[in-house]
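Heavy atoms only: backbone and side chains are in, while hydrogens, waters and symmetry mates are out. Chain identifiers are assigned alphabetically (A, B, ...) following the order of the sequence lines, protein sequences preceding nucleic acid strands; residue numbering begins at 1 within each chain.
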Amino acid sequence: MADPKPKSKHTVVRADWQPTASQRRDSAKRGAPGQRLLGPLPLPRDAVNGEVTVDTVAVKLSNLDKVYFPSSGHTKRDLLDYSHDVAEFMLPHLLNRPATLKRFPQGIDRPWFFQKEAGEHMPPWVRTAPLPSKGERTYINYVLCNDCPTLLYLVNLGCIDHNVWMSRAATPDQPDFVLLDLDPGPDAGFDKVVRVAQAIRRVLEKYEILGFPKTSGATGMHILLPLAPGHSFAQSSRFAEIVLRLAAAEVPDLTTDVWSVADRPRDRVFLDFRQNAPGKTIPPPYSPRAYPGATVSTPLQWKELTRSLDPSRFTITNLRRRLEKYGDLASGNLPGAGHGQQLRLLLERMHQSDAPQKKRRAF
DNA sequence: GCACAGA
DNA sequence: TCTGTGCAACGCGCA
DNA sequence: TGCGCG
């Protein structure tokens, strides 16, 4: 493939960017409880505009008092304080992943827009990666949110949630985890999501598959299965479908695979494997969401999946307490964690285990 | 949130 | 100087 | 061939 060289003043990344020596040193502490929480913005509390210097980079911040979440009163400053505080936990999950910017410059109740092309107006220290678009006919310079200054810059632009690919820029066609997406209908409470997640947990345990559950930050849940390098999205999607169909067979009255929203039962949990595709995005662990209350996509321990689990409890205001207590419960899903699974091996294990039995069918 | 075009 | 506008676009299943 | 869908 020809070396893509779209003109850009940004630092273009054609291979995965490598951490500096000091960042490598620090990374040993990452994921440990209470470590690396950086506190709120280093800025006077009454400042409405300002400039912070983070990692030797000066970032301009504006309209800090603007209310982004009217029902709870959370402001842009609250979002920036949170982002600065948890950056060491969130950034590893964003590293080198092309980002689709979803911008809410006037808050969650006002018009928003997508932005993929970084354009020529971002500061030169914002890293980007050129990726083919429209069937290889053109390139888009995607933002890579690889450091704290970039994170704060994006939040200042109105990026409330972060939406990143399941692959990294150097290998855009190779997902490094499988996404199991649990999406409850409007009349399905979170208790149903929990029961379906427990069914998925039983399937994963039966075949010794490693998975990390998290709230989506909205109404559903995500379960992430770390992948060894070299898998395709076709493979990750097929595997997600297999696991979800096995789980659905255990709780058929709680689940649906109906694609059309109009025809989909409103009181069931839609199990979506189609999200495993190139260019599709997911809010990573610790991403805030543009929902009332400033909820956060929050990694969980499996044992926390109880009837009383309420995902609206996890917000930008209180998430640091969980990080102090538990550290990064999803750190095992990071590409460097060494837990990448070979789908061929998992499928062999599943096939052997089921060989004497009939094939399971039905969603 | 911000650059840009057109009035 | 003000005001309006753009800021994305994949591939699958089905009619 | 287009639409709904995430």
Whether Phe270(A) and Trp259(A) hold their rings parallel, tilted or perpendicular, with breakpoints at 30° and 60°: tilted

Any donor-acceptor N or O pair under 3.5 Å, side chains Lys214(A), Thr298(A): no

Gap between atoms CD and P, on Glu120(A) and dG1(B) respectively (whole Å): 22 Å

Whole-Å distance separating the CG atom of Asp173(A) from the P atom of dG11(C): 10 Å

Sugar-phosphate only, base, or nothing, as touched by Ile140(A) at under 4.0 Å among non-hydrogen atoms: sugar-phosphate

Phe273(A) CZ to dG13(C) P, straight-line distance once rounded to whole Å: 8 Å

Rounded interatomic separation in angstrom, taking CE from Met221(A) and P from dG6(D): 19 Å

Presence of salt bridge, Asp176(A) and Arg97(A), under 4.0 angstrom: yes

dA8(C) OP1/OP2 closer than 4.0 Å to side-chain N/O of Tyr139(A): no

From Arg264(A), Lys192(A), Arg266(A), residue fulfilling salt bridge (Lys or Arg N to Asp or Glu O under 4.0 Å) relative to Asp187(A): Arg266(A)

Check: residues 333-342 of chain A side-chain donor-acceptor pairs under 3.5 Å, at least two apart:
residue: Gln341(A); atom: OE1; partner: Leu210(A); partner atom: N; Å: 2.7
residue: Gln341(A); atom: NE2; partner: Leu210(A); partner atom: O; Å: 3.0
residue: Gln341(A); atom: NE2; partner: Pro226(A); partner atom: O; Å: 3.0

Proximity to the side chain of Leu157(A) - top-ranked nucleotide from dA8(C), dG1(B), dG6(D): dG1(B)

Presence of Ser133(A) side-chain N/O under 4.0 Å of dA8(C) phosphate oxygens OP1/OP2: no

Sugar-phosphate, base or nothing in reach of Lys76(A), heavy atoms under 4.0 Å: sugar-phosphate

Sugar-phosphate only, base, or nothing, as touched by Lys66(A) at under 4.0 Å among non-hydrogen atoms: sugar-phosphate

Nearest-neighbour nucleotide for the Phe113(A) side chain, dC7(C), dC2(B), dG6(D) considered: dC7(C)

Between dC5(D) and dG6(C) - P atom distance, rounded Å: 25 Å

Minimum-distance nucleotide to Trp259(A) side chain [options: dA9(C), dG1(B), dG6(D)]: dG6(D)

Between dC2(B) (C1') and Asn156(A) (CG): distance, integer Å: 11 Å

Closest-nucleotide 5' rank along DNA chain C - winner of Pro278(A) and Arg274(A): Pro278(A)

Partners meeting ring-ring contact (aromatic ring centres under 6.0 Å, His included) with Tyr142(A) (sequence neighbours left out): Trp165(A)

Nucleotide of dG6(D), dC2(B), dA8(C) approaching Ser62(A) most closely (side-chain heavy atoms): dC2(B)

Between dC10(C) and dC2(B) - P atom distance, rounded Å: 29 Å

Separation of dG1(B) P from Met122(A) CE (nearest whole Å): 14 Å

Whole angstrom value for the distance that separates P of dC12(C) from CZ of Arg238(A): 12 Å

Whole-Å distance separating the CG atom of Asp263(A) from the P atom of dA15(C): 9 Å

Sugar-phosphate, base or nothing in reach of Arg264(A), heavy atoms under 4.0 Å: sugar-phosphate

Span that lies between the P atom of dG6(D) and that of dC7(C), in whole angstrom: 24 Å

